[in-house]
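Structure, as C-alpha cells:
Note on naming: letters A, B, ... go to the chains in the order of the sequence lines (proteins, then strands), and numbering restarts at 1 for each one. Here the structure is a predicted model, which means the values were calculated and not measured.
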There are 2 protein chains.
Amino acid sequence: MIYIVEDDREIREMIGYALKNSGFEVAGLADGNQLDAAVEVQVPEMILLDIMLPEEDGLAVLRRLREDERTKDVPIMMVTAKTTELDKVKGLDMGADDYLTKPFGIMELVSRVKALLRRSAPRDDEEIIVYAGIMLDVRRHLVSADGRQLELTYKEYELLKYLLKNSGIVLSREKIMDKVWGYDFEGESRTVDMHIKTLRQKLGQNGAHIKTIRNVGYKLGD
Amino acid sequence: MIYIVEDDREIREMIGYALKNSGFEVAGLADGNQLDAAVEVQVPEMILLDIMLPEEDGLAVLRRLREDERTKDVPIMMVTAKTTELDKVKGLDMGADDYLTKPFGIMELVSRVKALLRRSAPRDDEEIIVYAGIMLDVRRHLVSADGRQLELTYKEYELLKYLLKNSGIVLSREKIMDKVWGYDFEGESRTVDMHIKTLRQKLGQNGAHIKTIRNVGYKLGD
DNA sequence: ATAATATGTTATAAATTTATCAAAGAGTGG
DNA sequence: CCACTCTTTGATAAATTTATAACATATTAT
C-alpha cells in the first residue's frame, strides 16, 4: 500500500492512476491529518509526500514520520514544486529517500517508486529456507525435517518461518507475537510457548534447535 | 568506500572532493574496465556511474554489476547528462537506485548519496561488544571467552553486558544494583558479589579482567 | 598483632520462568 | 447446525534461576 499525500486532487489522482496501473495499491490523502489517521489503520509500504500542504508543512510531516516508531523506516519520496537545491537538500537530509520536483514525468515517478521499493524491500523473498535438517519451501508451503514431510498448521508454519528467517537471533515473545500474530500483546500469555511446543514436537530431533533463552525469548540455531 | 565512474577527470575530482569533505572514502575510476579491476580488490559501499563512458556504455556496466553476485546489492546512482525521461526510466528500471542529471548541485548529490546509503545500510544494529578475550553478541545473545562459548544465566548476562559497556569505569554495587536489577537497594547484600563470582568463574582466565576496587565497587579492565 | 571492615564462597530455600495439559473458544467447510 | 480442526487460555507441574544467610577469607587501620 502506497499513500499519496497531496492537496491537489488532480495531481493526486493522476499519480494514483499511474501507480495503480503498475500494480500498486494506493490511497490518496489530502493532508497530514488524513495521513495520521491512515497510518493508525495501516502502515504503508511507502509514502509520497508533497511539501506544500494546506495545514501542516510537508517537512514537518516528514519529521513526525521519522520520529514515529511505526513509520521511521517507511520509504518516503518528496514530490513537490519547491525546486531550489537547498529545498532538496533539506528534504533529503531530514530523512526523505528521494525528492522529485514538479513537473515530473509520470513514468519517471513510477520508476523511482519501484527503485525505492526494490531497495527498501526486506530481503525476505527467499524461496527456500534451510536450517540444519529443517527445510521450508515458501512457494510450495512445504516443510520437512530430515526429509520427512511435516503437516503444520497455519500458525505453526508462520512461526517456524519467522524463526528460520531470523535464525541465530533471539526473538522475544512480544516480538514474535507482533510479527507472527500481527498485534501487540501485553501481559501474560502462553500462546507462543504452546506453539513452540508443538513445533518442537513435530520437528522431532530438529526440535532441539529451537532454544529457550530464559527471560528473553526463543532462538533457532547456534 | 564509494567508487566514482566518470571519464571527465574534472567532474570526477569535483565529486570526489565533495564526498571526501562529507567524510566518505572515495576512488575515482575512468571507465568500466577500471571499475571491474577495483571491484576485484574491494566491493564498494556504493557506485556513482556515468552513462556516457568511452568504451562500454554505462547502462551495460550497470547490467553487469547487477548480474554479478558480489555487486548485485550495491547501491548505484547514475550521474549523467542524458536527461530525457526515457533515459531515466531505463536506468532506474535496470536496477539503478537513483538517477541524477548534470548539471547538478553538488550539495544535492551529497544528500542523495547519504539518503541512499542510509536506506541501503543493513538496518540490523549489529551490537557486539568486545573486551580482551570476552565477546558479547547482543542480537544473538551469545557470550564467549577466548572463543569458547559460555552458558550464562539472565542476570549474569546482563551484569556482564553492563560491565562491558562501562569497561574501564568503576561501578559501585548500588549502581550495578540499580542498573542491572532495576531497583535501588539500600543496606548490605552479597548479591552482586555472588554474581561477580560466578561470572569470574565462567569467564575462566578472562575473569581476572573484572577487578575489585575495595570500598568502591567493581571494574572491568584497565 | 588484633580488631574492624570489606569481600569471597557456599548451600539452599524462595521466586521466577517455562513446559505441559486439558478444556474452552473460534473458525471452517460440509 | 454439526463435525471438524486449529487456536487460545488458565491451571498446574517442572525446571531453572536467584537471593540470602551464614560463614570464610582477605585487607586495612590501630
Within less than 4.0 Å of OP1 or OP2 of [N], is there a side-chain N or O belonging to [X]?
{"X": "B:Thr191", "N": "D:dT18", "result": "no"}
{"X": "B:Arg200", "N": "C:dT9", "result": "no"}
{"X": "A:Trp181", "N": "D:dT7", "result": "no"}
{"X": "B:Lys197", "N": "C:dT10", "result": "yes"}
{"X": "A:His195", "N": "D:dC6", "result": "no"}

Indicate whether the side chain of B:Tyr218 and that of B:Arg173 have a donor and an acceptor atom separated by less than 3.5 Å.
yes

Does one side chain, of B:Arg140 or A:Ser167, offer a donor that lies under 3.5 Å from an acceptor on the other?
no

What is the distance, rounded to the nearest whole Å, between atom [atom1] of [X] and atom [atom2] of [N]?
{"X": "B:Asp193", "N": "C:dT5", "atom1": "CG", "atom2": "C1'", "answer": "14 Å"}
{"X": "B:Ile176", "N": "D:dT18", "atom1": "CD1", "atom2": "C1'", "answer": "16 Å"}
{"X": "A:Ile210", "N": "C:dA19", "atom1": "CD1", "atom2": "P", "answer": "10 Å"}
{"X": "A:Ile196", "N": "C:dT17", "atom1": "CD1", "atom2": "P", "answer": "18 Å"}
{"X": "B:Arg173", "N": "C:dA6", "atom1": "CZ", "atom2": "P", "answer": "10 Å"}
{"X": "A:Leu199", "N": "D:dT7", "atom1": "CG", "atom2": "C1'", "answer": "14 Å"}
{"X": "A:Ile213", "N": "D:dT16", "atom1": "CD1", "atom2": "C1'", "answer": "14 Å"}

Checking A:Val110, A:Val113, A:Ile4 against A:Ile15 for side chain to side chain contact (heavy atoms under 4.5 Å, CB included), the one that qualifies is A:Ile4

Under 4.0 Å protein heavy-atom contacts per nucleotide of nucleotides 22-30 of chain C, with B for base, S for backbone only and - for none:
---------

Salt-bridge test for [X] and [Y]: reply yes if a basic N is under 4.0 Å from a carboxylate O, no otherwise.
{"X": "A:Arg112", "Y": "B:Asp98", "result": "yes"}
{"X": "B:Lys197", "Y": "B:Glu156", "result": "no"}
{"X": "A:Arg66", "Y": "A:Asp93", "result": "no"}
{"X": "A:Arg148", "Y": "A:Asp146", "result": "no"}
{"X": "A:Arg64", "Y": "A:Glu56", "result": "yes"}
{"X": "A:Arg190", "Y": "A:Asp193", "result": "yes"}

Look for any protein N or O under 3.5 Å of an N or O in nucleotides 22-30 of chain D and output each such pair with its distance, or none.
residue: D:dT27; atom: O2; partner: B:Arg214; partner atom: NH2; Å: 3.4

Kindly assign one of parallel, tilted or perpendicular to the pair A:Tyr157 and A:His141, based on the angle between their ring planes and the thresholds 30° and 60°.
parallel

Which of residues 150-160 of chain A sit near DNA chain C, with a heavy atom under 4.0 Å from it?
none

With side chains defined as the heavy atoms from C-beta onward, is the minimum distance between B:Leu136 and B:Leu160 less than 4.5 Å?
yes

Is there a side-chain contact between A:Met46 and A:Leu117 (heavy atoms, below 4.5 Å)?
yes

